[in-house]
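For reference, positions follow the sequence shown, starting with 1.
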Amino acid sequence: MKRLLFLLSGNISTTPRALKSIQLALQNGHKVDVCLINRLDKWKELDKHILATLSCNVTYIPFRKEEGMLIWILVGILHRLSIWLAKPVRNNLIINAFASSKINILYYLKLRKLCENYDMVLGYSGMFYPAFIFSKQHSIPFSFDMEDFHPGEVIYHKGKKEESIRRIKMLKCILPLASYVSYGSPLIEKKMVELLGRYNVNIPYGFPLNNTFRHSDFIYSGCNEDKVQFIWFSQTISFGRGLDLILPALEKYKELIRLTLIGNMDNRFYQEVLLPYKDFIIVKEALPQEDLHKVIGKYDIGLALEQNVDENKTICLSNKIFTYLLAGLYVVATPTEAQKLLMAKFPDHGIVVDSTIEKMDACIRNIINNIQTIRIEKEHRFKDISTISWEYEEKKLLYAWNKFLG
């Protein structure tokens, strides 16, 4: 039995990749400790149901002002000071890490006090610096799960170019020292290897680990509703997620279709975008992933409406598209590079369509005209998709753990 420390930058209810890995570690007899950040209280409520099923020690690191004013002020000062220092002191790893994220600071302060003995530390959702620092302090191996291509993500604060450069500097220093790096898609791996190659740096061991789930978690369900049932879900229903691309086209057929949205509603988005389409939209609260898997099969069409808003979005694969595929839904996907590559492997499971109103209109009309065939073929799609399930992907992770933990 080995003892593993998982580090997350958010809630476990919003980090399904980490949850699946933790479950896998526990199933294989390892002892697990988890450090989390609570982003929102409603997500912490969802966490409770998940954590109750896991036999592991859990620590929430205070992040928000209401969780501790003193630490919030201290971290804010260190963050601003680091941003200022990062300009003249360009290549200092700790300054770049502190300037990059307040969470790096919180973990740095917390992990210095952690004296437990671990066999490996695993960083998730951007936590490569804390994992590296802890491994260095305790002379143990570390790994990093790169769900997104961090230098190419949307950066919401000022100094976007500087932050992207900081991330590259940190990644090229840290990742070559990792026991292994897992990637959220094949294209993220390709992009990262190419990037580090420019600096003559390589990662000794890496592999893609898709954002998929256990096929056994899904229930096949036929759909006999009069209207074609479209589904879209996310933790937050808000701007920049592609919904606005298809709504005008769907409205034309509102007597024949219904769109269900599952997630936490951004009220401004509802008022400014969704309200004119309320006649054919049903909104449901966010569900734990396990519950979502049980109900998703009731629908006909899954919408994977990713936008090329940043470099990361073009090459990542969300858990959304895998959820639809595993449930047997017919997928309507927008043409990001990663989604085109995935759907090309499963041409009978959906369609990739440009996000113009004309193309969307033609796609929806074709779906309505052929809905009976789509429904008849659903059982075949459900049975035909096992090669992208977590049962298949988890073998890569087990191999890596056996390789580096013994």
Look only at the side chain of [X] and the backbone of [Y], and say whether a donor-acceptor pair between them is shorter than 3.5 Å.
X	Y	value
Asp361	Ile357	no
Arg375	Asn224	no
Asn366	Ala362	no
Arg381	Ile374	yes

Which heavy-atom pair separates [X] from [Y] by the least distance, and what is that distance?
X	Y	value
Ser9	Ile103	O-CD1, 3.5 Å
Ile367	Val332	CD1-CG2, 3.6 Å
Ile257	Ile368	CG2-CD1, 3.8 Å
Arg166	Ala86	NH1-CB, 4.1 Å
Ala131	Leu7	N-CD1, 3.7 Å
Leu106	Pro62	CD2-O, 3.3 Å

Under a 4.0 Å N-O cut-off, is there an ion pair linking Glu225 with Arg258?
no
Using a strict 4.0 Å threshold on nitrogen-to-oxygen distance, state whether Glu394 and Arg214 make a salt bridge.
yes
[X] NZ/CZ over [Y] ring centroid, <6.0 Å and within 45° of normal:
X	Y	value
Arg365	Tyr253	no
Lys403	Tyr180	no
Lys20	Phe213	yes
Lys172	Tyr199	yes

Is it the case that atom [atom1] in [X] sees more than 12 heavy atoms from other parts of the structure closer than 6.0 Å?
X	atom1	answer
Lys284	NZ	no
Tyr392	OH	no
Asn117	CG	no

Could you label the plane-to-plane angle of the [X] and [Y] rings as parallel, tilted or perpendicular, counting under 30° as parallel and over 60° as perpendicular?
X	Y	value
Trp401	His30	perpendicular
Phe346	His349	perpendicular
Tyr324	Phe233	perpendicular

Go through the steps to decide whether Tyr108 and Phe98 satisfy the test ring pair (Phe, Tyr, Trp, His ring centres under 6.0 Å), and finish with yes or no.
CA-CA 9 Å; Tyr108 181 86; Phe98 282 17; 5.3 Å; yes
Check whether the side chains of [X] and [Y] place a donor and an acceptor atom closer than 3.5 Å, and report yes or no.
X	Y	result
His293	Glu290	no
Tyr124	Ser21	yes
Asn211	Asn319	no
Thr236	Asn264	no

Report yes if the distance between the aromatic ring centroids of Phe142 and Phe134 is under 6.0 Å, otherwise no.
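No, ring centres 6.0 Å or more apart.
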Out of Arg167, Lys160, Lys161, which one pairs with Glu163 under the salt bridge (Lys or Arg N to Asp or Glu O under 4.0 Å) rule?
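For Glu163, the salt bridge (Lys or Arg N to Asp or Glu O under 4.0 Å) check succeeds only for Arg167.
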Say you draw a straight line from OG of Ser100 to NE2 of His79; how long is it, rounded to the nearest 0.5 Å?
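If we round to the nearest 0.5 Å, Ser100:OG and His79:NE2 are 8.0 Å apart.
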In sequence, state the C-alpha distance, the side-chain angles, and the governing distance for Val295 and Leu287, and then conclude on side-chain contact (heavy atoms from CB on, under 4.5 Å).
CA-CA 10 Å; Val295 302; Leu287 293 170; 4.0 Å; yes
